[in-house]
Structure formats: C-alpha cells, structure tokens
Amino acid sequence: MAKTSTPPAKKQAKKTARKPAAVTSNDKPLAGKTLRGKAKVLSSKNVYQGKVFWVTRDEVQEPGGVTATRDVIRHNGSVVILAVDTKSNPRDPGILLIRQYRHAADQFLLELPAGRIEKGEKLIPAAKRELIEETGYRAKKWSVHTKYFASPGFLSEAMHILLAEDLTLGEAKPEEDEKIELHMTPLSEVLRLIHAGKIHDGKTLIGVLLYASLRRK
C-alpha cells in the first residue's frame, strides 16, 4: 500500500507589535522621546492678590516646545496632619478627624487637620503649630507621609502629609473664624466611611488610604 505524505504546514508570518509613540498635545509623535526640564517664563503678571493666595497670568514656553498662557493660583503650600493614636488599640488605631463647615464646598466635611505653611516656615514646625491650633493635640513622633498636588492644572499648592504619633491632648487655639469639632475615630470606621462615600475631602482620602495600605504591608 502506497504511503501518503502530509504536506508541510505553512509557517505563520510573525506579527511584530509596535510600541505606541509618545504624542504631544497636537498629536505629533515624539518618536519615544522623554520630555524633561522646566518651563521658561516669558512674562508674568499678578492679576489678583488675596490673604491666602494670589493669581498670576504667565506666558510660558514648556518642555516639548508648547507656548501658552497659564493662569495659576499661587500658594505657599500646606501641611496635613495624619495624627494616629496607636496606644488605645494598636490593631485598630484612632485617626484624628475634624469636622468643620467649608463654604466653597457648601457643606460640613470630615477632614484631617491641615493649614497653610507660612513664608519661611519648615514642614514639621508648621504641622506642630496647626495641630495645636486646630485640635490641642501634641505629638512626640513626626515623619513625612507623602506629598501631592491637589489640582496641578491651575493650582501651585503642594500638600505635605505628615504622620504624627505618640499623642497627648492639650488646649486648642483655633483662629476666630474656625469652629471645629474633634472626632478621634477608629481606622476601620474611617475606612468604612470612605468606602460608603461619606468622606469627600481629598487630603483625607489620600492620607488615610495610603496609611492603611502601608499597614497591610
């Protein structure tokens, strides 16, 4: 009986995946280049001066060759205090929250204590001052938790979150326009409020969720 031979299978052509090219705002490819450097300020004009912030209108040439007019809210930066009580219940530490009315948000908000950094002031002294003023609490142990920009498209304010531990309670010294409630709340309850959509303050979401994540590690 004659043997039949099976024709060799056709080799499949190899498909090469192409990496997407980086693009500018005008959708022009940059051939994988990484943008570096800072903007060159061609001109800058103060258009508003307030007590807490000021606004400039800047003509800038940005990395990548973009020339644009940018209106920027200028701010010295803020400290945010994640004050944690690990003594009462180390497995579910207390997180110090404050509740106050925020006119811009048109509602009461639960937040971490925070405040503006004065010109020339260092981070930890600023955080100690704000914690005492708003809550009366003092902390013996301080460390940098994280830093972020709340809305970098138009706001220069950098938010520095500091972790404060080994707490003692003293007398608060709030400013005349501050009416503040204190709420030492278990971490598990703060997380429940976050996931239930009850906490809307950005610095509190970032500070607490990062802290909870680091504890799991």
Side-chain angles (χ1 to χ4, degrees), residues 51-53 75-105 107-150 155 157-217:
K51 179 182 177 182
V52 177
F53 62 86
H75 192 282
N76 288 338
S78 298
V79 283
V80 181
I81 302 96
L82 178 59
V84 180
D85 174 19
T86 56
K87 292 182 178 179
S88 300
N89 185 356
R91 302 186 69 175
D92 193 12
I95 304 296
L96 180 60
L97 299 178
I98 63 174
R99 182 176 179 268
Q100 60 182 328
Y101 185 77
R102 292 296 200 180
H103 174 63
Q107 60 185 293
F108 283 92
L109 293 178
L110 277 172
E111 313 173 33
L112 295 178
R116 182 176 47 151
I117 301 170
E118 301 295 341
K119 188 175 180 179
E121 196 174 24
K122 301 294 184 182
L123 287 183
I124 291 180
K128 287 181 176 180
R129 173 181 54 76
E130 285 294 339
L131 184 62
I132 292 171
E133 286 179 3
E134 293 194 350
T135 73
Y137 274 91
R138 279 79 169 162
K140 292 182 180 178
K141 184 179 178 182
W142 290 87
S143 58
V144 175
H145 190 49
T146 192
K147 169 188 173 182
Y148 73 97
F149 292 92
L155 178 60
E157 181 184 17
M159 308 287 286
H160 303 266
I161 304 181
L162 288 91
L163 181 63
E165 300 172 284
D166 199 355
L167 306 177
T168 55
L169 181 58
E171 183 181 354
K173 300 175 182 178
E175 295 184 13
E176 291 184 0
D177 62 348
E178 291 181 323
K179 301 297 180 183
I180 296 172
E181 299 174 8
L182 302 186
H183 295 267
M184 182 64 78
T185 310
L187 174 60
S188 60
E189 174 62 10
V190 180
L191 292 173
R192 187 193 70 77
L193 291 171
I194 288 173
H195 291 297
K198 302 296 185 182
I199 292 179
H200 306 290
D201 175 63
K203 62 184 179 291
T204 306
L205 296 172
I206 291 171
V208 172
L209 290 175
L210 177 59
Y211 177 74
S213 175
L214 293 174
R215 274 178 59 86
R216 287 195 295 271
K217 292 181 179 180

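Hydrogens, waters and symmetry mates are skipped; everything else that's a heavy atom, side chains included, is used. Throughout, residue positions are numbered sequentially from 1 according to the sequence presented.
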>> Closer than 3.5 angstrom, by distance alone: can the side chain of T135 be matched with the main-chain N or O of L131 as a donor-acceptor pair?
In response: yes
> Should L82 and L162 count as side-chain neighbours, where that means a heavy-atom distance under 4.5 Å?
Replying inline: no
> Any side-chain heavy atom of H145 within less than 4.5 Å of one from V80?
Replying inline: no
>> Can you list everything that forms a salt bridge (Lys or Arg N to Asp or Glu O under 4.0 Å) with K203? Sequence neighbours excluded, please.
In response: E111, D201
>> Quick check: do R215 and L187 have side-chain heavy atoms less than 4.5 Å from each other?
In response: yes
>> For the CD1 atom of I98 and the CG atom of L109, what is their distance to the nearest 0.5 Å?
In response: 10.0 Å
> Which pairs, with at least one residue in residues 88-98 and sequence neighbours excluded, count as a side chain to side chain donor-acceptor pair (under 3.5 Å)?
Replying inline: D85-S88, D92-S188
> Side-chain donor-acceptor pair under 3.5 Å between S78 and E157, yes or no?
Replying inline: yes
> How far does CZ of R99 sit from CG of L182, to the nearest 0.5 angstrom?
Replying inline: 12.5 Å
>> Heavy-atom count check: over 12 atoms from other residues, nucleotides or ligands less than 6.0 Å from E181 CD?
In response: yes
>> Just to verify, what does K173 make a salt bridge (Lys or Arg N to Asp or Glu O under 4.0 Å) with, not counting sequence neighbours?
In response: none
> Measuring from Y211:OH to T146:OG1, what's the distance to the nearest 0.5 Å?
Replying inline: 15.0 Å
>> Taking salt bridge (Lys or Arg N to Asp or Glu O under 4.0 Å) as the definition, give me every residue that meets it alongside E130, ordered by chain and number, with sequence neighbours left out.
In response: none
> Rounded to the nearest 0.5 Å, what separation is found between the CD1 atom of I117 and the CE atom of M159?
Replying inline: 9.5 Å
> Who are the salt bridge (Lys or Arg N to Asp or Glu O under 4.0 Å) partners of D166, not counting sequence neighbours?
Replying inline: K87
>> With side-chain contact (heavy atoms from CB on, under 4.5 Å) as the criterion, how do N76 and E121 come out once you've worked through the C-alpha distance, each side chain's angles and the decisive distance to 0.1 Å?
In response: CA-CA 10 Å; N76 288 338; E121 196 174 24; over 6 Å; no
>> Restricting to ring-ring contact (aromatic ring centres under 6.0 Å, His included), what partner residues turn up for Y101, sequence neighbours left out?
In response: F108
> For the atom pair CZ (R129) and CZ (R116), what is the distance rounded to the nearest 0.5 Å?
Replying inline: 8.5 Å
> Quick one: does L209's side chain get under 4.5 Å of L191's, heavy atoms only?
Replying inline: yes
>> To the closest 0.5 Å, what do you measure between OG1 (T168) and CZ (R138)?
In response: 7.0 Å
>> With heavy-atom distances below 4.5 Å as the criterion, would you say the side chains of V52 and H75 are in contact?
In response: yes
>> Main chain of L112, side chain of T204: is a donor-acceptor contact present, judged purely on distance under 3.5 Å?
In response: yes
> Is there side-chain contact between I161 and Y148, with heavy atoms separated by less than 4.5 Å?
Replying inline: yes
